[in-house]
Amino acid sequence: TVVTVNGTASHPIPSTLWGYMYEDINVSRIPPCPVFVNTQSCLDASILEMEDFTQNNRAFQKVTPGDSQALNAWQAVNGASLEVIADPSPVSNALPNSLQVQIPSNPSGQVGVANEGYFGIKVDSSWTYKASFYYRFTTASNFSGNAVISLQTSNGDLLGSAEVPISGAQTTFTQVNATITPTSTASGTDNLFVVTVDGAAAAGQTINFALFSLFPPTFKDRPNGMRIDLAETLAEVGPSLFRWPGGNNLEGQTVARRWQWNATVGPLTERPGRLGDWSYVNTDGLGMLEYLEWCEDLGMESIMGVWAGYALGGTSVPEAELGPYIQQAIDQINFVIGDPATSDAAALRASLGRSEPFKLTRVEVGNEDFLASESYVYRWKAFVTALKAEFPQLRFIATNRQHDNDPVLNPKPDEWDIHIYQTPRWFAENSFFYDDIERDGTLYFEGEYAVTSTNSSDIFGSPSTGRLTYPTMEGASAEAAFMIGFERNADIVYASAYAPLLNHVKGSQWTPNLVSFDAENVIRSTSFYTQKLFSLNRGTEYLPSTLPTRNGALYWSVVRDTSVTPNKIIIKVTNTAENAETLQFDLPFAVSTSGTAEVLTGERAASNTPDAPSAVTPQKSTIETDQSFSYDAPGYSISVLTVTVA
Ligand SMILES: O=S(=O)(O)O[C@H]1C[C@H](O)[C@@H](O)[C@@H]1CO
């Protein structure tokens, strides 16, 4: 195939074209929830084991006092008896439960509690961990001694410890803090976080604990920050966009269980957590401020979702009752961009240390409202009319378009968020999906897409019927065909994001995912490398070229990067089939006689997995180039060819 490249750019490549969609799914929250106990979904050091995901215990949020399930991940040490109780004088109204620890009457040695971590605890002697918990004695006593906070292997070898003085006179909750620098690095992650007191000195006494926390070093050293290896992995793609907080997890199964911005800001003692949409309780330790700071840290533009009156259980708020929810959306937006002098929500932001507004251009109204198209007509109108009046500078994204059964929305949406989960074949055959959309000024955000299955009649099935557990080369090369379509249609496609982003390998509700992880490893998928190849080679303008054959195997795009001198020409080629094919590129001007090729290729079903995290990685090489040159695209491959203009 000869590809003739035009030297006149047809359109710019939008700066926001490549980015992320994130929601709390697969117990994948980004910030290191306090290592322990009740932090669930922490991407970081949070080290909380959960046999099932209904339990979230950082502060025993949303668990049933007295229920043994509430003790997930907890072990008694040396004869202590444990129970989660509704504390008569809780650490806060938001956190009504506590862990009650009764010291036996004739104990010996250190007595207390241990936490098994969240599928393990990474203990690294080069790290300094920040530990804290709240405690109170239920009855004033003359106990005066130290609590020992330690990291131990599961068979009791001490890895590191610190001591904090606690007092039997303390009958209301108070927080203690300590740092632990382990004296040795654990060989595995089967380790425990332990809090004990001298049994003899505390014999017969009862101590209540709340809101445990243990953080390893965090990304950008932010308190309540992110697990460094994961945050750095996500940063290496150079994403320019971040859609949050969902996805289904925005919506809630009921109106009461929707995501509410105000429950996710402020001190961790003020965050009640909520039963999210993926079968487990979210601590909401990752809240709005953490999302917004993450966006600033990575230079990503936010696409922030507001709840729009529909809960996934099927409830649409009646039109006449939308007022309070619209006000909550106004407050949410004011938390981001409002003036502290005129908005309480903005004043709250200022009180949390951020008086300056964040950058915000776009707000998405709901998520996947094709699930409730009929009510979306009045919900969209009510929300957008009110929000546009309040924030005329913002653009609002409709979530409904399925490119076929759209209800007519008023006001006419400026932008639509389209979600597509499909087979490799579908994505390869639909590289021209956006070529076929009329140009009427409307812009598109491909807000969620992924190859989920090889079985066109069971897109969301199980691995036994074709569902992918990890992205494959066949899937990634097909996604690349679709992404090449975004570049060719970047006059109307301004942003895109693979979904879902993150997955704890022992806590998945959805596969495949872009990045998987466990307590100490990060697995970059074939789709992750594809996102990275496109995002780091995005160019600044599109150069039209001979169109690929629709439904063919190979797809390509040519962009020019005018931000560097001499300009770069970047050719992306994806081969979505098994057989290598040769392309000849005829360029409209002289270029360097050698260029670079960065190629991701492997067998059709090749994946990066926990057992083989680097089975398929991009390989760089030098290729011979010229104004006209040939390139052999391997079977199942994504290639990025870069030459400089002579
Ligand atoms: O079951 S689905 O609706 O397909 O769930 C999908 C769509 C939803 O927006 C997102 O949360 C989820 C996975 O990324």
Side-chain angles (χ1 to χ4, degrees), residues 19-30 41 53 234 239 241-254 257-259 274-280 282 286 291 303-316 363-373 376 397-403 405 415-423 426-427 444-453 455-462 465-471 475 479 482 495-504 507-516 525 527-528 531:
Y20 290 140
M21 172 275 181
Y22 177 76
E23 68 173 315
D24 200 332
I25 185 173
N26 301 319
V27 264
S28 66
R29 232 168 58 306
I30 295 175
S41 69
F53 295 102
L234 297 181
L241 184 98
F242 192 71
R243 171 176 175 241
W244 57 275
N248 286 347
N249 206 43
L250 166 68
E251 294 166 86
Q253 291 302 320
T254 64
R257 282 180 34 201
R258 70 193 185 282
W259 182 87
R274 70 179 264 264
L275 184 52
D277 288 283
W278 296 100
S279 79
Y280 59 88
N282 306 168
L286 170 60
Y291 279 121
I303 287 189
M304 179 173 77
V306 294
W307 191 76
Y310 173 69
L312 282 170
T315 306
S316 289
V363 167
E364 181 159 356
V365 179
N367 173 63
E368 297 207 337
D369 284 86
F370 54 82
L371 297 171
S373 283
Y376 198 49
I397 305 172
T399 74
N400 196 62
R401 188 182 189 106
Q402 281 301 296
H403 199 52
N405 62 350
E415 305 180 4
W416 292 82
D417 172 12
I418 296 184
H419 297 175
I420 300 172
Y421 296 99
Q422 264 291 353
T423 62
W426 189 94
F427 278 106
Y444 298 90
F445 167 37
E446 181 56 56
E448 296 180 23
Y449 66 98
V451 168
T452 52
S453 172
N455 181 345
S456 60
S457 59
D458 198 1
I459 297 296
F460 301 112
S462 65
T465 62
R467 184 74 177 255
L468 299 186
T469 303
Y470 294 95
E479 286 155 7
F482 201 54
S496 67
Y498 178 102
L501 181 61
L502 288 165
N503 161 54
H504 192 302
S508 307
Q509 290 83 42
W510 178 289
T511 66
N513 299 277
L514 202 65
V515 175
S516 293
S525 70
S527 293
F528 169 87
Q531 293 293 321

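When a ligand or atom number is given, it counts from 1 through the structure's own listing order.
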| said: When you measure from the heavy atoms of Y498 to every atom of ligand 1, does any distance fall below 4.0 Å? | reply: no
| message | Measuring from non-hydrogen atoms of G246 to any atom of ligand 1, is the shortest distance under 4.0 Å? | response | no
| query | Taking the six-membered ring for Trp, are the ring centroids of W244 and Y20 within less than 6.0 Å of each other? | reply | no
| Residue P500 vicinity, atoms of ligand 1 by number, heavy atom under 4.0 Å | 14 (O)
| query | Which of the listed options, D277, I459, N248, holds the heavy atom that is closest to atom 5 (O) of ligand 1? | reply | N248
| query | When you measure from atom 1 (O) of ligand 1 to each heavy atom in W510, F370, Y449, which option holds the nearest one? | reply | W510
For ligand 1, find out whether one of its N or O atoms is nearer than 3.5 Å to an N or O atom of [X].
{"X": "N249", "answer": "no"}
{"X": "E368", "answer": "yes"}
{"X": "E23", "answer": "yes"}

| Taking all atoms of both residues into account, what is the closest heavy-atom pair of Y376 and A398, and its distance? | OH-CA, 3.4 Å
| task | Name the closest protein heavy atom to atom 14 (O) of ligand 1, giving the residue it belongs to and the distance to 0.1 Å. | result | Y421 OH, 2.8 Å
| What's the shortest distance from atom 9 (O) of ligand 1 to any protein heavy atom, and which residue and atom give it? | E448 OE2, 2.7 Å
Are side-chain N/O atoms of [X] and [Y] paired as donor and acceptor at under 3.5 Å?
{"X": "N367", "Y": "T399", "value": "no"}
{"X": "E251", "Y": "Y310", "value": "no"}
{"X": "W278", "Y": "E23", "value": "yes"}
{"X": "T465", "Y": "N455", "value": "no"}

| note | Partner of W426 under ring pair (Phe, Tyr, Trp, His ring centres under 6.0 Å), picked from Y449, Y421, F482, is F482
| task | Check side-chain contact (heavy atoms from CB on, under 4.5 Å) between P512 and all other residues, then give those that pass, not counting sequence neighbours. | result | T452, R467, L468, P471, Y498
| Under 4.0 Å from ligand 1, counting heavy atoms only, is it the side chain of Y22, its backbone, both or neither? | neither
